[in-house]
Amino acid sequence: DTAVSQTPKYLVTQMGNDKSIKCEQNLGHDTMYWYKQDSKKFLKIMFSYNNKELIINETVPNRFSPKSPDKAHLNLHINSLELGDSAVYFCASSRQFGVGTEAFFGQGTRLTVV
Amino acid sequence: GQQLNQSPQSMFIQEGEDVSMNCTSSSIFNTWLWYKQEPGEGPVLLIALYKAGELTSNGRLTAQFGITRKDSFLNISASIPSDVGIYFCAGRSRDDKIIFGKGTRLHILP
């Protein structure tokens, strides 16, 4: 069983569209994250949720809206997609927020905005 | 914001050679993590370090949490072709964010 799974793996869409990426973890972790990896492979945190509550919200355009319906899921909705949103988006989870924060990553969603 | 300086940016080595890479920061980190990423995959945790001075091994990999809490290194001994990939250091900052270095790209020459 995949520990952290994201769907879809690839997403190609036109500018201006709205799209969602889903993430699920079956590790029983309390904390989930979204990271963005740019073309230079730089990984930057976007959001962190702990027990369904938003803990970290980096300087991310408000077109990006995360939603955590329960501890095991953290979805990312993006409105009015722009060319610069093209990147690989990784979901991750960790046992707790703070202590023991080794994060386990999904396989990524490669978003291409055309 | 807090940043991690990871070096070298890339390495080209012969199979069988040892590899060393490191991360430094101007800020203190409470946890150091080392990840490996292969093409088309997410980063995979290799080693986690929690205490200053801690030295931890995972097979041919050894990593240390610097005494000053501002640096960490990763060594790979006797490299093999499957070691190819991008290695990332990451640190947990005081505000509990996991911040990543820019990665070290390891290439192994035939």
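In this text, all values refer to a predicted model and were calculated from it rather than measured experimentally. Throughout, protein chains are lettered first and strands after them, A, B, ... in sequence-line order, and every chain is numbered starting at 1.
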Q) Out of curiosity, does B/Ile67 fall in the hydrophobic cluster containing B/Leu49 (side-chain heavy atoms, cut-off under 4.5 Å, transitive links)? A) no
Q | Separation between CD of A/Glu102 and CH2 of B/Trp32, rounded to the nearest 0.5 Å | A | 16.0 Å
Q) Linking I/L/V/M/F/W/Y whenever their side-chain heavy atoms sit closer than 4.5 Å, directly or via other members, would B/Ile47 and B/Val44 fall into one cluster? A) no
**Q.** B/Glu17 CD: over 12 foreign heavy atoms closer than 6.0 Å
**A.** yes
Q) Do A/Tyr89 and A/Leu83 belong together in a cluster built from hydrophobic side chains that touch within less than 4.5 Å? A) yes
Q: Please report the closest heavy-atom contact between A/Tyr35 and B/Ile98, naming both atoms and the distance.
A: OH-O, 2.9 Å
(Q) Run the side chain to side chain donor-acceptor pair (under 3.5 Å) test against B/Asn5 and tell me which residues pass, sequence neighbours left out. (A) none
Q. Can you name the residues of residues 76-85 of chain B that have some heavy atom under 4.5 Å away from a heavy atom in chain A?
A. none
Q. Should the heavy atoms of other residues, nucleotides or ligands under 6.0 Å from NZ of A/Lys22 be counted, would the total exceed 12?
A. no
Q. What residues, two or more places apart in sequence or in another chain, satisfy ring pair (Phe, Tyr, Trp, His ring centres under 6.0 Å) together with B/Phe88?
A. none
Q. Out of curiosity, does A/Tyr33 fall in the hydrophobic cluster containing A/Ile55 (side-chain heavy atoms, cut-off under 4.5 Å, transitive links)?
A. yes
(Q) With rounding to the nearest 0.5 angstrom, report the CZ to CD distance, A/Phe90 to B/Gln37. (A) 4.5 Å
**Q.** Any donor-acceptor pair under 3.5 Å from B/Tyr35 side chain to A/Ala103 backbone
**A.** yes
**Q.** Pairwise distance CG(B/Leu45) to CZ(A/Phe104) - rounded to 0.5 angstrom
**A.** 5.5 Å
**Q.** Any donor-acceptor pair under 3.5 Å from A/Lys9 side chain to B/Gly40 backbone
**A.** yes
Q: Decide whether B/Phe29 and B/Phe73 are clustered together by the hydrophobic rule: side chain heavy atoms of Ile, Leu, Val, Met, Phe, Trp, Tyr closer than 4.5 Å, transitively.
A: no
Q | Part of A/Glu58 lying under 4.5 Å from any heavy atom of chain B | A | side chain
**Q.** When A/Gln6, A/Lys40, A/Gln37 are compared by non-hydrogen pairs under 4.5 Å with chain B, the top option
**A.** A/Gln37
Q.
Heavy-atom count check: over 12 atoms from other residues, nucleotides or ligands less than 6.0 Å from B/Gln14 CD?
A. yes
(Q) So if I take each residue of residues 18-28 of chain B and look for any heavy atom under 4.5 Å from a heavy atom in chain A, which residues do I end up with? (A) none
Q) NZ of B/Lys102 to NZ of A/Lys41: how many Å apart, nearest 0.5 Å? A) 15.0 Å
(Q) Taking CZ in B/Arg105 as the centre, count heavy atoms belonging to other residues, nucleotides or ligands within less than 6.0 Å. Is the count above 12? (A) yes
